[in-house]
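Scroll down for the structure; my scribbles are underneath it.
Just so it is clear, the model here is predicted, and its values are computed rather than measured.
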Amino acid sequence: MKEKVMDQLQRFSKAMFIPVLILPIAGILIAVGNLFTNAKLLEFLPFLDNPVTKGFGTILSGSLVSILNNLGLIFCVGLAAGLANKKKYEAGFTALLGFLVFINAMNKFMTLTGILFTGESLRGTGQAMVMGVQILDMGVFLGIILGIVTAMVHNRFCETEFKNAFQIYGGSRFVFIVLIPVTVLLAVLLTYVWPFVQMGITSLGVFINQSGNFGIFIYGALERLLIPTGLHHLVYTPFLYTSLGGAATIGGEVFEGARNIYYAEIADPAIDILSKSVIWDARGISKMFGLMGACLAMYHTARPENRNKIKAILIPAAFTSFIAGVTEPIEFSFMFVAPVLFVVHAGLSGLSMVVLNILNVRAIGPNGFLDFLLFNVPLGIHKTGWPMYIVTGLGFFVIYYVIFRVLITKLNLKTLGRETEGMEMKLHTKAEYKEKMASEKEGKLGKDGEDVDAALIVKALGGAGNIEKVDNCFTRLRLIITNPDLVQEDILKNDTGANGVMKKGNNVQVIYGLKVTAVRKAVDEELGNNENS
């Protein structure tokens with residue numbers, strides 16, 4: 001039962017990537033639009049002070065803010081598509097229809113029962129306008145609930161077919177037919193239930209806010225500790241997109257969630273300084289600085305004869321973490337051989353966020369240095385205090401280095417370069433990987449020129465007959481395996497370039513980093529899975 005629940009949570013976690021990974025793109029483009037309207041930048045580059053470029057910036061940032069006002073719809077469609085077993089595009093379209101039915105059904109029912117507020121301002125009433133329709137303010141939870149419900153109905157009825165005159169009502173059409181009464185009943189039920197949920201969410205937010213720095217520490221540490229389960233973004237997503245991360249009125253509109261708030265503040269030149277809620281998206285400090293210190297400590301504590309080798313391993317991994325915020329290649333290099341280091345890493349990650357909060361730093365730092373520059377530099381030092389973010393990060397670079405070095409040497413931990421004779425390292429250089437791939441008789445060329453030996457990967461997973469389902473998220477190949485005991489972890493890690501392998505019941509995750517899309521495509525071709533939709 002426990003394993004089944006974990007499998008479902010991991011599946012939900014993966015599906016959340018569809019809407020979650022799109023939203024930062026909107027945020028970056030809002031920041032780019034702000035570049036063309038930033039007063040200080042226009043003083044420094046006067047040629048940008050013209051109606052064309054300023055108008056472009058205003059349109060770009062202003063239009064993308066509309067995404068923040070429709071997060072419920074975005075999560076509804078994205079989750080439905082992500083959780084659908086097949087016909088994903090049809091599931092997404094059906095979710096859109098279900099969303100429209102829901103908001104109008106709730107509005108009509110609230111009108112009939114006299115619950116609908118009729119005053120001028122909805123602030124403090126627990127109600128909000130969603131796509132021009134007044135309903136209970138459910139925020140992003142509305143999209144999550146409807147996305148899950150739509151996916152469940154879709155998976156149950158999407159292959160239902162009829163004969164003769166009723167044939168036209170089969171498949172996705174029948175899914176929508178079933179979804180209509182389900183959605184209407186759900187709208188009626190949530191009209192009575194959701195106010196109590198709102199009270200609970202508000203109470204939780206108050207508790208976290210009243211916990212102050214302790215709450216921030218737990219948040220930052222837990223977000224890292226859940227990396228092995230793949231559920232870590234379930235910790236931060238509610239804080240970024242719901243009232244748990246705060247609420248603010250900007251330009252006459254109410255925004256909930258840390259990320260929604262600072263996106264809106266970026267686009268509003270009247271805002272002098274970002275809200276304190278931005279701390280919930282300062283998670284990148286350990287990615288940009290802390291893990292760099294950890295890498296340096298692992299390099300200095302490696303055996304002298306191995307240092308050149310692990311330098312070639314750690315530098316690309318460290319660079320990826322610093323620039324893009326992808327930390328798994330580093331974390332998985334010590335997570336299993338020295339779990340105490342991973343616990344310390346999680347604690348230091350939470351502590352670094354606490355320090356930023358104490359110093360009143362308002363810089364945006366969710367991922368890597370590239371995002372950090374794009375978000376913060378155009379906004380100016382006063383609005384974000386971004387130089388202090390870097391100073392704090394450099395301090396934690398030193399702290400990570402000292403603590404990791406002391407623990408590795410005092411506890412004789414077998415991190416990279418300190419393995420006993422005959423042990424293979426978990427990470428390998430690109431040159432070594434290509435050399436091993438060239439030595440194999442059969443290999444396939446993946447996307448963007450990355451060597452992917454799909455035949456070997458499938459074989460190491462126990463063969464095609466042992467693989468029930470193939471999927472992937474941002475860095476991991478996620479599979480459902482019939483017999484996990486047939487999975488050969490050593491081959492996956494040593495011969496296919498995997499950074500790590502995790503098994504939880506029939507759910508297996510193979511960590512490939514940013515090239516996972518190419519790996520997924522090659523494995524699908526090897527298995528004959530030509531339809532991913």
Side-chain angles (χ1 to χ4, degrees), residues 4-26 67 70-100 102 138-159 171-172 175-176 178-179 182-183 186 226-227 229-238 240-242 257 259 467-480 502 504 506-512 514 516-517 519-521 523-524 529-533:
K4 185 176 181 181
V5 171
M6 282 299 297
D7 287 346
Q8 291 301 318
L9 282 175
Q10 288 178 338
R11 188 180 177 204
F12 173 73
S13 175
K14 192 274 300 181
M16 285 284 284
F17 271 102
I18 294 176
V20 166
L21 291 181
I22 288 296
L23 295 176
I25 297 175
I67 292 177
N70 294 286
L71 284 179
L73 177 61
I74 292 170
F75 274 81
C76 176
V77 175
L79 266 179
L83 293 173
N85 294 331
K86 56 187 64 176
K87 299 182 179 179
K88 292 179 178 289
Y89 300 135
E90 294 180 10
F93 177 66
T94 305
L96 169 62
L97 300 178
F99 189 91
L100 295 175
F102 180 93
M138 298 178 63
V140 73
F141 290 110
L142 170 58
I144 293 174
I145 293 170
L146 287 181
I148 294 172
V149 170
T150 301
M152 292 173 63
V153 175
H154 174 84
N155 290 335
R156 175 66 178 83
F157 297 106
C158 70
E159 292 187 321
S172 60
V175 172
F176 181 55
V178 175
L179 188 63
V182 171
T183 303
L186 188 63
L226 286 178
I227 281 285
T229 68
L231 303 177
H232 51 291
H233 64 275
L234 296 185
V235 174
Y236 63 76
T237 298
L240 301 187
Y241 301 112
T242 75
R259 186 167 285 179
I467 302 173
E468 297 181 14
K469 185 177 180 181
V470 181
D471 216 325
N472 73 280
C473 62
F474 195 44
T475 57
R476 308 178 184 202
L477 190 67
R478 295 174 178 249
L479 310 109
I480 297 178
M502 297 171 51
K504 191 72 175 178
N506 295 91
N507 193 290
V508 175
Q509 299 179 20
V510 189
I511 317 301
Y512 281 105
L514 295 178
V516 70
T517 303
V519 175
R520 160 78 186 281
K521 181 178 179 181
V523 171
D524 275 334
N529 296 337
N530 297 321
E531 182 184 356
N532 294 328
S533 61

### Message
side chain to side chain contact (heavy atoms under 4.5 Å, CB included), that's the test. Do Arg476 and Ile511 meet it? Break it down for me.
### Response
CA-CA 4 Å; Arg476 308 178 184 202; Ile511 317 301; 3.4 Å; yes
Where [X] and [Y] come nearest, the two heavy atoms and their spacing:
{"X": "Val153", "Y": "Val175", "answer": "CG1-O, 3.8 Å"}
{"X": "Asn85", "Y": "Asn155", "answer": "N-OD1, 2.8 Å"}
{"X": "Cys158", "Y": "Lys86", "answer": "SG-CG, 4.1 Å"}
{"X": "Leu79", "Y": "Ile144", "answer": "CD1-CA, 3.6 Å"}
{"X": "Ser172", "Y": "Thr94", "answer": "O-OG1, 4.4 Å"}
{"X": "Leu146", "Y": "Cys76", "answer": "CB-SG, 3.7 Å"}

Find the distance between [atom1] ([X]) and [atom2] ([Y]) and round it off to the nearest 0.5 Å.
{"X": "Thr242", "Y": "Phe141", "atom1": "OG1", "atom2": "CZ", "answer": "4.5 Å"}
{"X": "Asn506", "Y": "Glu468", "atom1": "CG", "atom2": "CD", "answer": "6.5 Å"}
{"X": "Lys88", "Y": "His154", "atom1": "NZ", "atom2": "NE2", "answer": "8.5 Å"}
{"X": "Leu71", "Y": "Tyr241", "atom1": "CG", "atom2": "OH", "answer": "7.5 Å"}
{"X": "Ile467", "Y": "Ile480", "atom1": "CD1", "atom2": "CD1", "answer": "12.0 Å"}
{"X": "Phe99", "Y": "Ile74", "atom1": "CZ", "atom2": "CD1", "answer": "9.5 Å"}

Kindly indicate whether the side chain of [X], heavy atoms from C-beta on, has any atom under 4.5 Å from the side chain of [Y].
{"X": "Thr183", "Y": "Val149", "answer": "no"}
{"X": "Ile145", "Y": "Met138", "answer": "yes"}
{"X": "Phe75", "Y": "Leu142", "answer": "no"}

### Query
Quick one: ring-ring contact (aromatic ring centres under 6.0 Å, His included) partners of Phe157, sequence neighbours excluded?
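Applying ring-ring contact (aromatic ring centres under 6.0 Å, His included) to Phe157 gives Phe174.
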### Query
Does Ala151 have any side-chain contact (heavy atoms from CB on, under 4.5 Å) partners at least two apart in sequence or in another chain, and if so, which?
Leu83
